[in-house]
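Worth saying up front: this structure is predicted, and the values here are computed from it rather than measured. Reckoned from all heavy atoms, side chains included, excluding hydrogens, waters and symmetry mates.
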Amino acid sequence: MNFIEQIIEEDIQNRKNDGRVQTRFPPEPNGYLHIGHAKSICLNFGVAQKYGGKTNLRFDDTNPVKEDTEYVDSIREDIKWLGFQWAAEYYASDYFDQLYLWAEQLIQDGLAYVDDQTQEEISKGRGVPTAPGTESPYRNRSVEENLDLFRRMKAGEFPDGSRVLRAKIDMASPNMHFRDPIMYRILHAEHHRTGNKWCIYPMYDFAHGQSDSIEGITHSICTLEFEVHRPLYDWFCEALHIHHPQQIEFARLNLNYTIMSKRKLLQLVKENYVRGWDDPRMPTICGLRRRGYTPAAIRNFAETVGVAKRDNIIDVSLLEFCAREDLNKTAIRTMAVLDPVKLIIDNYPEDQVEMMDAVNNPEDESAGTRKIPFAKELWIERADFRENADKKFYRLSIDREVRLKYAYIIKCTHIVKDENGEITEIHCTYDPLTKSGMPDSNRKVKATIHWVPVKHSKAAEVRLFDRLFSVPDPDNCEEGQTFLDNLNPNSLEIKQAWVEEGLTYEKASTIKHFQFERIGYFYCDPDSSEEKLVFNKTVSLKQ
RNA sequence: UGAGCUAUGGUGUAAUGGUAGCACUACAGAUUUUGGUUCUGCCUGUGUAGGUUCGAGUCCUGCUAGCUCAACCA
């Protein structure tokens, strides 16, 4: 049980909010969701589920110049894909009328004023954390004048930036957010939902808590950087005499070898360092989806990393573990050769083709079996043969035996090289009595390798991904450099592979997740077609 | 240098004054027609100095380190 659940359980016990639990996930629709958001989604929906409450999806759309419906759609899709359903879908912009009324109320109560200072003057007047600020010369206007000015701001009489509405709190507060925070700014911009109805827009601090309040949120869970905003959150709820949700902060997720900043992720997309928001190397939810991560794997990851208040950097190996753990149980096995070299069985009949029995998933008997063709000439992995093999290497070498999975035990006799010294053919003999299922096949051999028949396999494109950045903390760079200098130049490698001929487009695109035996987990990319199969490596098997 | 927050193995996270546990990682072994899976074993930890207490990771004080805050962003 994490500290947030502890707080909630205490609140339930004390009958706070009549024992009700309600949370919300409040993204700003200005970017795609990433694995860090997934943690927050799992937390917010998770605790509500656990305590019989509900969770709203609320788009925090108070800044029309940054927000867009494209992002709204992707956010909805990603949350659903993760396996969560919100009780209601709201927008902070739904509350603009109410927020406006509340602003007038605070003016009436002498708790807000219109400031005519320039942005620079306001910034200067705020002072610095170590020294108090100074009060605005407009701070003590009459209620009537403030009301008149604020209404004219709303009516569009003033240009952008000419005036703001500020809460009258304390210019000497050690908390910078208490030094008369801005509640409303003038922005003659079209909003993705309210169009041109408004030319003044509320700031986060004057919108978020009130939105929570209107919806009856009981526990408003957010990340640590909002901790210093909490006194303000509380102040507005008190000043307005409205339902007062409890803001609770937790440490956001950080993953090594990647970045989580929306701004930087956007830059990677805009400047074509990746192929889009859903590039499988991106830590976005759509990127992970295209990479082949499953919702269950991500949910389990979110559960495993835990929830606390200290800064953390999670090792990507944990994410990878979660993917393997889920995929191992569910992924259909198939054989694919990514780096082929020809294996010729000299004593195997020239045109013979035998159908062998193969298991679809050793972890799940209900996945059944399939027949695969076997023939004299096969593709095997180049790495499964080594000319100078030491004791630690127990696959194929001259005079050594291995088992061809689901087929025969073979012994390498000799190899053929081209003029560059590169191996072009590996020759071997097979023992007909060692066919899988026969008594002699139980003979101990050190290794079993996968294969695909040269004449009975099909080509496929395989995309191998490495970490997007070559250092654990990409933001930590030397002077004069940026996170872009830490990009891994080899994060994408495209291979032409041979896969089982039975792996049709139909099969690949419906089953989607596969384990290429002895290699890793692969996902059928949406770029696939009847003509060409494309697979993304989700994660390799543990080495 | 003002305010707030945080310090537990390599990485995360528990222990709510009473045996420092779990997961990942690393390593070792067993099993295995995937060098996968499964199983077993194993290494490494309470930032620091005091104090309270029969007993402190936990409470108190000082120190140190890290993070956050000075957008008309969220």
Side-chain angles (χ1 to χ4, degrees), chain A residues 1-2 6 26-28 30 60-63 65-67 92 115 117-119 122-124 126-133 160-166 172-179 181-187 200-201 203-205 207-208 222-231 249 251 253 256 262-263 303-322 324-325 328-329 333 335 358-359 362-363 392-395 402-407 409 434 436-437 441-450 515-521 540-543:
Chain A
M1 187 166 67
N2 63 55
Q6 285 180 28
E28 182 187 13
N30 70 341
D60 225 334
D61 57 351
T62 56
N63 186 359
V65 302
K66 285 192 178 175
E67 295 144 8
D115 196 341
Q117 291 184 107
T118 63
Q119 194 163 163
I122 288 176
S123 172
K124 202 168 164 227
R126 193 150 28 218
V128 292
T130 51
D160 287 4
S162 58
R163 284 185 167 84
V164 292
L165 183 72
R166 289 231 254 172
S173 171
N175 183 341
M176 296 299 286
H177 298 277
F178 260 31
R179 324 250 262 224
I182 292 167
M183 295 162 58
Y184 269 93
R185 76 281 213 186
I186 301 171
L187 236 39
I200 56 171
Y201 291 92
M203 299 287 290
Y204 166 84
D205 286 308
H208 198 91
C222 63
T223 47
L224 243 35
E225 66 267 29
F226 291 99
E227 205 154 26
V228 283
H229 292 250
R230 183 169 11 106
E249 311 85 10
L253 171 77
N256 58 11
K262 272 202 228 175
R263 201 199 90 234
E303 178 65 32
T304 308
V305 297
V307 178
K309 291 193 75 159
R310 77 179 108 151
D311 291 327
N312 60 81
I313 302 173
I314 308 291
D315 202 312
V316 284
S317 65
L318 182 60
L319 220 208
E320 293 174 346
F321 167 80
C322 292
R324 289 191 193 102
E325 186 184 44
N328 175 53
K329 291 180 296 192
R333 270 60 168 176
M335 294 202 283
V359 173
E363 305 293 317
K392 299 277 273 182
F393 183 84
Y394 39 89
R395 280 162 279 170
V402 295
R403 182 195 309 278
L404 293 173
K405 187 153 177 124
Y406 301 131
I409 294 174
T434 60
S436 287
S441 75
N442 293 330
R443 204 166 84 216
K444 288 280 175 215
V445 278
K446 288 205 104 173
T448 299
I449 66 172
H450 64 278
Q515 184 198 97
F516 289 177
E517 296 256 11
R518 302 207 304 131
I519 303 175
Y521 297 99
S540 65
L541 254 30
K542 209 175 157 194
Q543 290 309 313

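Nucleotides B/U34 and B/U11 place their P atoms 35 Å apart, quoted to the nearest Å. Distance check on atom P: B/G4 versus B/C63 gives 14 Å, rounded to whole Å. Taking the C1' atoms as reference points, B/U68 lies 26 Å from B/C60, given to the whole Å. Separating the C1' atom of B/U8 from that of B/G66 is a span of 16 Å, rounded to the nearest Å. Taking atom C1' on both nucleotides, B/G55 is separated from B/G18 by 7 Å, rounded to a whole Å. Spacing between B/U6 and B/G10 at atom P, rounded to whole Å, works out to 23 Å. Rounded to a whole angstrom, the distance from the C1' atom of B/U46 to that of B/C59 is 15 Å. The P atoms of B/U13 and B/G62 are separated by 26 Å, rounded to the nearest whole Å.
Protein atom CG of A/N312 is 11 Å distant from nucleotide atom P of B/U8, rounded to whole Å. Distance CG (A/L253) to P (B/U13): 10 Å, rounded to an integer number of Å. One atom, CG of A/D311, and another, P of B/U11, lie 14 Å apart when rounded to the nearest Å. Going from atom CZ of A/R179 over to atom P of B/A70 covers 11 Å, rounded to whole Å. The nearest whole Å value for the distance from the CZ atom in A/R310 to the C1' atom in B/U8 is 6 Å. B/U68 atom C1' lies 11 Å from atom NZ of A/K309, rounded to whole Å. The distance between atom CG of A/N256 and atom C1' of B/G10, rounded to the nearest whole Å, is 11 Å. One atom, CD of A/E225, and another, C1' of B/G4, lie 14 Å apart when rounded to the nearest Å.
Of the N and O atoms on the side chains of A/N175 and A/S173, not one donor lies less than 3.5 Å from an acceptor on the other residue.
Shown here, B/C72 forms no base pair; nothing in the strands shown gives a Watson-Crick or G-U wobble contact with both key distances under 3.5 Å. Checking B/G12 for Watson-Crick or G-U wobble geometry (two distances, each under 3.5 Å) identifies B/C22 as its partner. The base-pairing partner of B/G36, taking Watson-Crick or G-U wobble contacts with both distances under 3.5 Å, does not exist among the strands shown. With a cut-off of 3.5 Å on both pairing distances, the Watson-Crick or G-U wobble partner of B/G47 is B/C63. Here B/U52 sits opposite no nucleotide as a Watson-Crick or G-U wobble pair (both hydrogen-bonding atom distances under 3.5 Å).
A/I313 comes within contact range of the sugar-phosphate backbone alone, with a heavy-atom separation under 4.0 Å but no base atom that close. Among the heavy atoms of the strands, none lies under 4.0 Å from A/S162. A/V128 comes within contact range of at least one nucleobase, with a heavy-atom separation under 4.0 Å. As judged by a 4.0 angstrom heavy-atom cut-off over every strand, A/F321 is placed among residues touching the sugar-phosphate backbone only. Residue A/E28 is classed as a sugar-phosphate contact, given heavy-atom separations below 4.0 Å to backbone atoms only. Within the 4.0 angstrom heavy-atom criterion, only backbone atoms of the sugar-phosphate kind lie near A/L318; the bases stay farther away. Within the 4.0 angstrom heavy-atom criterion, no nucleotide atom of any strand lies near A/V445. A/E303 comes within 4.0 angstrom of nothing in the nucleic acid, heavy atoms only.
Nearest approach of A/S436 to A/Y406, heavy atoms of both residues: OG-C, 3.2 Å. The minimum heavy-atom distance linking A/R333 with A/E363 is given by the pair NH2-CG, 3.8 Å. Across every non-hydrogen atom of A/P26 and A/D60, the tightest pair is O-CB, 3.9 Å.
Listed candidates were B/U13, B/A74, B/G2. Nearest to the side chain of A/A308 is B/U13. Among the nucleotides B/U11, B/A15, B/G12, the one closest to the side chain of A/Q6 is B/A15.
The aromatic rings of A/H229 and A/Y204 stand perpendicular to each other, their planes meeting at an angle above 60°, with 30° marking the opposite boundary.
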Under 4.0 Å protein heavy-atom contacts per nucleotide of nucleotides 27-47 of chain B, with B for base, S for backbone only and - for none: -----SBBBBS----------

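For B/A7, the glycosidic angle deviates from 0 by more than 90°, giving an anti base.
A close approach under 4.0 Å does occur between a side-chain nitrogen or oxygen of A/R185 and OP1 or OP2 of B/C73. One finds no side-chain N or O of A/T304 lying less than 4.0 angstrom from the OP1 or OP2 phosphate oxygen of B/U13.
Atom CD of A/E303 has 12 or fewer neighbouring heavy atoms from other residues, nucleotides or ligands inside a 6.0 Å radius.
Note: A/K124 NZ to A/R126 CZ = 13.5 Å, rounded to the nearest 0.5 Å. For the atom pair CD (A/E67) and CG (A/D61), the distance works out to 5.5 Å, reported to the nearest 0.5 Å.
The base of B/A3 does not come close enough to the side chain of A/H177 for any donor and acceptor atom to sit less than 3.5 Å apart.
In this view, A/H450 satisfies the ring pair (Phe, Tyr, Trp, His ring centres under 6.0 Å) rule with no residue, not counting sequence neighbours.
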Criterion side-chain contact (heavy atoms from CB on, under 4.5 Å) on A/C222 and A/R230, from CA distance to verdict: CA-CA 10 Å; A/C222 63; A/R230 183 169 11 106; over 6 Å; no

